[in-house]
Amino acid sequence: MEKLPKIALPVIIVAIILVVVLAKSAVTIGSGEAGVLYKTFDNGVVTDQPPLGEGFHIVAPWNKVIIYEVRQQELFEKMKVLSSNGLEIQIDASAWYEPIYNDLGNLHQSLGENYLQRVIQPAIRSAARSVVGRYTPEQLYSSKRDAIQDEIFAETKKILDKQYVQLNEVLVRDVTLPNTIKEAIERKLRQEQESLEYEFRLVTAAKEAEKVIIEAEGKAESNRILSASLTDKILQDKGIDATMKLAESPNSKVIVIGSGDSGLPIILGNQ
């Protein structure tokens with residue numbers, strides 16, 4: 001019994017050392033994360049192997065693991081930029097990005113954990129200044145928002161090429177103009193709309209007038225042709241045909257042949 005404490009003491013010390021070593025060596029990487037291994041005695045950051053994935057890992061206690069989020073992330077930006085005529089425009093935009101998984105070691109070695117501030121923010125700001133500077137406030141306000149969104153995305157993506165970051169999307173949420181410029185643009189758009197409506201009414205009225213003229217001309221031509229074709233002989237034949245049909249009718253009547261104009265019959269009856 002007296003020897004037991006003497007034996008147990010080294011065991012306890014070894015156990016404590018093991019616990020400390022294991023605590024320093026154990027690394028748990030959460031969901032949506034990956035770890036970059038830094039080997040203190042072997043060339044530092046590991047760049048020729050994939051990063052450590054999710055789950056539990058044991059590493060040498062003298063090495064380190066730097067954990068990065070590898071899910072898609074969002075950057076919100078409010079930027080003041082100049083239009084083509086030098087007016088200040090505020091752009092509210094956001095960028096969807098994520099680090100390239102297999103290049104995480106290179107990202108850590110070249111840019112570090114602050115890669116968002118070092119490359120992504122400067123890239124999107126530079127692209128926004130370049131793109132918005134090509135357009136007037138009227139274009140930005142009315143019809144070019146989708147165009148500048150696509151162009152900012154393309155230019156930002158080009159700047160971030162070979163920076164170990166993947167840009168997924170750029171969204172322009174709002175374009176804010178100075179109030180005086182906005183009011184002037186809205187007034188101009190209203191005037192243009194009213195002018196278009198007036199032109200439409202004029203065109204419609206002209207077409208209606210043209211239609212009436214064409215119909216009148218057609219009717220006049222029809223009457224002219226009809227008048228030219230109705231000779232006395234044709235009228236007499238028509239009158240004889242009508243007389244024959246009336247003679248066959250059961251209604252009482254009196255027919256006097258050849259007493260009308262041009263020798264046409266006069267028909268007298270009860271009615």
Side-chain angles (χ1 to χ4, degrees), residues 20-81 90-135 144-175:
V20 172
V21 169
L22 286 173
K24 290 180 67 66
S25 301
V27 177
T28 300
I29 297 176
S31 176
E33 297 177 336
V36 175
L37 180 62
Y38 179 87
K39 293 183 177 181
T40 305
F41 303 112
D42 188 12
N43 298 324
V45 178
V46 176
T47 59
D48 57 351
Q49 296 177 9
L52 302 177
E54 300 174 3
F56 183 78
H57 301 271
I58 297 292
V59 298
W62 51 84
N63 292 336
K64 294 190 298 183
V65 175
I66 301 91
I67 296 177
Y68 280 80
E69 184 174 1
V70 293
R71 287 179 289 224
Q72 178 175 276
Q73 300 162 68
E74 186 169 18
L75 165 67
F76 292 94
E77 279 289 297
K78 284 183 177 289
M79 300 168 283
K80 291 186 177 180
V81 293
Q90 179 173 299
I91 301 290
D92 292 355
S94 61
W96 295 348
Y97 70 94
E98 60 189 83
I100 298 175
Y101 187 87
N102 288 329
D103 285 329
L104 203 56
N106 292 314
L107 174 67
H108 180 71
Q109 189 176 58
S110 61
L111 299 173
E113 297 175 76
N114 294 327
Y115 68 93
L116 173 62
Q117 293 77 20
R118 288 183 175 176
V119 294
I120 297 180
Q121 281 184 328
I124 193 171
R125 290 171 182 173
S126 174
R129 284 194 297 269
S130 175
V131 171
V132 174
R134 302 171 193 159
Y135 296 99
K144 296 296 183 180
R145 184 172 302 187
D146 290 341
I148 66 169
Q149 178 173 285
D150 294 341
E151 290 178 28
I152 291 173
F153 171 75
E155 293 209 12
T156 306
K157 193 174 181 67
K158 184 178 179 180
I159 295 171
L160 293 176
D161 186 35
K162 299 181 181 178
Q163 294 296 328
Y164 314 113
V165 175
Q166 176 178 311
L167 183 68
N168 296 333
E169 192 66 80
V170 170
L171 303 174
V172 175
R173 300 183 179 277
D174 193 24
V175 177

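What you see below is based on every heavy atom in this structure, not just the backbone, and it leaves out hydrogens, waters and symmetry mates.
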Those residues at least two apart in sequence (or on a different chain) that pass side-chain contact (heavy atoms from CB on, under 4.5 Å) with Asn43 are none

Taking only residues two or more places apart in sequence or in another chain, which ones pass side-chain contact (heavy atoms from CB on, under 4.5 Å) with Phe41?
Trp62

Grab the two heavy atoms, one from [X] and one from [Y], that are nearest each other, plus how far apart they are.
{"X": "Ala34", "Y": "Val70", "value": "CB-CG1, 3.8 Å"}
{"X": "Leu104", "Y": "Pro99", "value": "CD1-CB, 3.9 Å"}
{"X": "Asn102", "Y": "Pro50", "value": "OD1-CB, 4.2 Å"}
{"X": "Gly112", "Y": "Arg118", "value": "N-NH1, 4.1 Å"}
{"X": "Gly35", "Y": "Ile29", "value": "N-CD1, 3.7 Å"}

Here's a test for you: under side chain to side chain donor-acceptor pair (under 3.5 Å), which of Gln73, Gln166, Glu74, Gln72 qualifies with Trp96?
Glu74

Could you measure the distance from the [atom1] atom of [X] to the [atom2] atom of [Y]? Nearest 0.5 Å is fine.
{"X": "Tyr97", "Y": "Thr156", "atom1": "OH", "atom2": "OG1", "answer": "13.5 Å"}
{"X": "Ile67", "Y": "Leu52", "atom1": "CD1", "atom2": "CG", "answer": "9.0 Å"}
{"X": "Asn106", "Y": "Ile100", "atom1": "CG", "atom2": "CD1", "answer": "10.0 Å"}
{"X": "Leu75", "Y": "Gln117", "atom1": "CG", "atom2": "CD", "answer": "8.5 Å"}
{"X": "Phe153", "Y": "Glu169", "atom1": "CZ", "atom2": "CD", "answer": "6.0 Å"}
{"X": "Glu33", "Y": "Glu54", "atom1": "CD", "atom2": "CD", "answer": "8.0 Å"}

Do [X] and [Y] make a side-chain contact, defined as non-hydrogen atoms from C-beta onward lying under 4.5 Å apart?
{"X": "Arg71", "Y": "Ser31", "result": "yes"}
{"X": "Arg173", "Y": "Phe76", "result": "yes"}
{"X": "Val65", "Y": "His57", "result": "no"}

Below 30° counts as parallel, above 60° as perpendicular, anything between as tilted: where do the rings of Tyr68 and His108 land?
perpendicular

Test ring pair (Phe, Tyr, Trp, His ring centres under 6.0 Å) applied to Tyr164 - qualifying residues, sequence neighbours left out
none

For the pair Val172 and Asp92, evaluate side-chain contact (heavy atoms from CB on, under 4.5 Å) and give the outcome as yes or no after the intermediate values.
CA-CA 6 Å; Val172 175; Asp92 292 355; over 6 Å; no

